Student: 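Take this structure first; my questions come after.
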Amino acid sequence: MPELPHVQVFKEYADATSLHKRIEDVRVQDDRPLDGVSIPRLKKTLRGRTLTSSRRHGKWLFLATDGDPVLALHFGMSGQLVHTTDAKAPDGTVFSLRFVDGSTLAMVMPRMLGKVALTEDVEAFLEEREIGPDALDVEEERFVRRVRTRSGMVKTALMDQGVLAGLGNEMVDETLFMTGLHPRTKVDDLSDKEIVAIRRAAKEATERIVEARARREGLPESMLLRHRGEKDAKCPRCKVPFDRIKVGGRTTYVCPEHQGAS
DNA sequence: ATATCTGTTCCTCT
DNA sequence: GAGAGGAACAGATA
């Protein structure tokens with residue numbers, strides 16, 4: 001799941017379940033996602049600390065404690081946070097934090113494609129990794145300017161985390177569906193007005209997804225995402241089957257009726 | 001057994 | 001150099 005809205009849900013989940021709790025024990029079940037941090041250092045950094053705040057930027061979630069380095073999490077293709085009232089960690093857990101109240105927060109990521117890192121400086125971290133401004137936290141004019149740093153297909157530009165952070169395959173399909181634009185449209189062929197509409201659509205889609213707590217069944221019928229993955233998915237607006245094409249190497253849903261031609 | 005999948009990075013070709 | 005496509009990473013699921 002993890003695109004911007006999902007990570008936003010994880011952030012709110014972490015805040016609700018784990019903020020202001022002292023970490024009694026840290027366990028690392030699988031060290032493959034650890035990026036530039038050893039198991040001992042991760043444990044030393046977190047044990048005895050209290051989670052004080054969280055911040056999302058794009059698809060990254062940063063968890064700060066009352067100690068020094070900040071924990072940086074990327075959920076890859078399959079990651080999520082799971083809080084339990086006992087000490088058991090689910091299958092596919094990367095690491096888990098046991099709090100003094102006996103509850104556990106686990107990063108569960110079966111496919112292990114995400115990242116666990118530490119950083120002293122979140123801004124520097126984002127810069128090093130060439131992560132652009134958060135897609136929802138950037139003002140209109142800059143959003144347009146960022147998209148215009150690319151001249152190829154609009155879907156590729158929007159999925160590029162260096163252009164804008166947070167939009168992935170599904171979010172981009174949803175925003176282009178909402179704005180009636182074909183994913184293969186060249187950025188140079190878009191008006192500023194159309195790019196602004198994409199920004200508004202991304203905000204709206206995110207709100208709906210967060211409201212649904214990232215559950216597909218909780219989404220309005222009118223959204224593409226509600227139908228994505230169904231066998232004979234039809235455009236809820238035009239009632240015609242979606243085209244499934246490849247754009248930027250990713251499966252892309254397009255309504256042949258209202259999303260024009262490329 | 002084969003194909004697909006919400007992300008990212010690296011490689012090749014144009 | 002920029003853009004596009006493919007492969008690889010890993011594991012679950014159809």
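Chain identifiers are assigned alphabetically (A, B, ...) following the order of the sequence lines, protein sequences preceding nucleic acid strands; residue numbering begins at 1 within each chain. Computed from a prediction, not measured in an experiment: that's the story for all the values here.
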Student: Below the 4.0 Å mark, does dG3(C) have OP1 or OP2 next to a side-chain nitrogen or oxygen of S151(A)?
Tutor: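 True: S151(A) side-chain N/O within range (under 4.0 Å) of dG3(C) OP1/OP2.
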
Student: Just compare dG7(B), dG3(C), dT4(B) and give me whichever is closest to any side-chain atom of R150(A).
Tutor: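 Side chain of R150(A) sits closest to dG3(C).
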
Student: Round to the nearest Å and state the distance from M159(A) atom CE to dT9(B) atom P.
Tutor: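 In whole Å, dT9(B) P and M159(A) CE are 13 Å from each other.
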
Student: How close or far is atom P of dT9(B) from atom CD of E130(A), stated in whole angstroms?
Tutor: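 Answer to the nearest Å: 9 Å.
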
Student: Does the side-chain contact (heavy atoms from CB on, under 4.5 Å) test come out yes or no for L158(A) and L176(A), once each step is laid out?
Tutor: CA-CA 10 Å; L158(A) 293 172; L176(A) 295 176; 4.2 Å; yes

Student: Nearest whole angstrom, please: distance from the P of dG6(C) to the CZ of R250(A).
Tutor: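 For the pair R250(A) CZ and dG6(C) P, the rounded distance is 13 Å.
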
Student: Passes side-chain contact (heavy atoms from CB on, under 4.5 Å), T104(A) versus K88(A)? Steps please.
Tutor: CA-CA 7 Å; T104(A) 300; K88(A) 265 184 283 181; over 6 Å; no

Student: Counting only side-chain nitrogens and oxygens, does H74(A) get under 4.0 Å of the OP1 or OP2 atom of dG7(B)?
Tutor: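 Checking H74(A) against dG7(B): no side-chain N or O falls below 4.0 Å of OP1 or OP2.
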
Student: In whole Å, I'd like the distance from the CH2 atom of W60(A) to the P atom of dG7(B).
Tutor: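 In whole Å, dG7(B) P and W60(A) CH2 are 14 Å from each other.
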
Student: Between P on dA12(C) and CD on Q80(A), what's the gap in Å once rounded to a whole number?
Tutor: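 Going from CD in Q80(A) over to P in dA12(C) covers 14 Å.
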
Student: Can you tell me the distance, in whole Å, between the CG atom of D173(A) and the C1' atom of dG7(B)?
Tutor: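 Result: 15 Å.
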
Student: Kindly say if K115(A) contacts the phosphate of dT8(B), meaning a side-chain N or O under 4.0 Å from OP1 or OP2.
Tutor: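 Indeed not, no polar side-chain atom of K115(A) lies that close.
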
Student: Does a side-chain N or O of K246(A) approach OP1 or OP2 of dC5(B) to a distance below 4.0 Å, or not?
Tutor: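 Checking dC5(B) against K246(A), a side-chain N or O does come within under 4.0 Å of OP1 or OP2.
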
Student: As a check on the pairing definition, encode DNA chain B in dot-bracket form, counting Watson-Crick and G-U wobble pairs whose two distances are under 3.5 Å, and using | for partners outside this strand.
Tutor: .||||.||||||||

Student: Work out how far the P atom of dT8(B) is from that of dG1(C), and round it to whole angstrom.
Tutor: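 Their P atoms lie roughly 24 Å apart.
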
Student: Quick one: label G168(A) by what it contacts on the DNA or RNA (base, sugar-phosphate, nothing), any heavy atom closer than 4.0 Å.
Tutor: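 Sugar-phosphate contact only - G168(A) comes under 4.0 Å of backbone atoms but never of a base.
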
Student: For R32(A), report the nucleic acid contact type (base, sugar-phosphate, nothing); a contact means any heavy atom under 4.0 Å.
Tutor: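 Sugar-phosphate only.
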
Student: Measure the distance from NZ on K186(A) to P on dG3(C) and round it to the nearest whole Å.
Tutor: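 It is 10 Å, rounded to the nearest whole Å.
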
Student: Should the pair E140(A)-K203(A) be classified as a salt bridge under the 4.0 Å nitrogen-to-oxygen rule?
Tutor: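 So E140(A) does not pair with K203(A) through a salt bridge.
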
Student: Ignoring hydrogens and angles, tell me if any N or O in the side chain of R199(A) forms a donor-acceptor pair with the backbone of V138(A) under 3.5 Å.
Tutor: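 Yes, because the side chain of R199(A) sits within donor-acceptor range (under 3.5 Å) of the backbone of V138(A).
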
Student: I need the CG-P distance between D91(A) and dT13(C), as an integer number of Å.
Tutor: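 Those two atoms, CG and P, are 10 Å apart.
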
Student: Counting only side-chain nitrogens and oxygens, does R228(A) get under 4.0 Å of the OP1 or OP2 atom of dC5(B)?
Tutor: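 No, no such contact exists.
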
Student: Taking the side chain as everything from C-beta on, heavy atoms only, tell me whether K59(A) gets closer than 4.5 Å to H74(A).
Tutor: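 Heavy-atom side-chain distance check passes, below 4.5 Å.
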
Student: Identify whether any heavy atom of R244(A) sits under 4.0 Å from a base atom; if not, whether one sits that close to sugar-phosphate; answer base, sugar-phosphate or nothing.
Tutor: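 If one applies the 4.0 Å heavy-atom cut-off, R244(A) turns out to touch the sugar-phosphate alone, with no base involved.
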
Student: To the side chain of N169(A), which of dG11(C), dC5(B), dG7(B) is closest?
Tutor: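 Of all the options, the side chain of N169(A) is nearest to dG7(B).
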
Student: Between K21(A) (side chain) and V100(A) (backbone), is there a donor-acceptor pair under 3.5 Å?
Tutor: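 A pair under 3.5 Å: no.
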
Student: Is the positively charged end of R237(A) above the ring of F177(A), judged by distance under 6.0 angstrom from the centroid and angle within 45° of the axis?
Tutor: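 Yes; both conditions hold, so R237(A) lies above the ring face of F177(A).
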
Student: If the test is side chain to side chain contact (heavy atoms under 4.5 Å, CB included), which one of T45(A), L51(A), L105(A) qualifies with I23(A)?
Tutor: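 Answer after filtering T45(A), L51(A), L105(A): L51(A).
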
Student: If you only use heavy atoms from C-beta on, which nucleotide in dG11(C), dG7(B), dA4(C) is closest to the side chain of M153(A)?
Tutor: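 Minimum distance to the M153(A) side chain belongs to dA4(C).
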
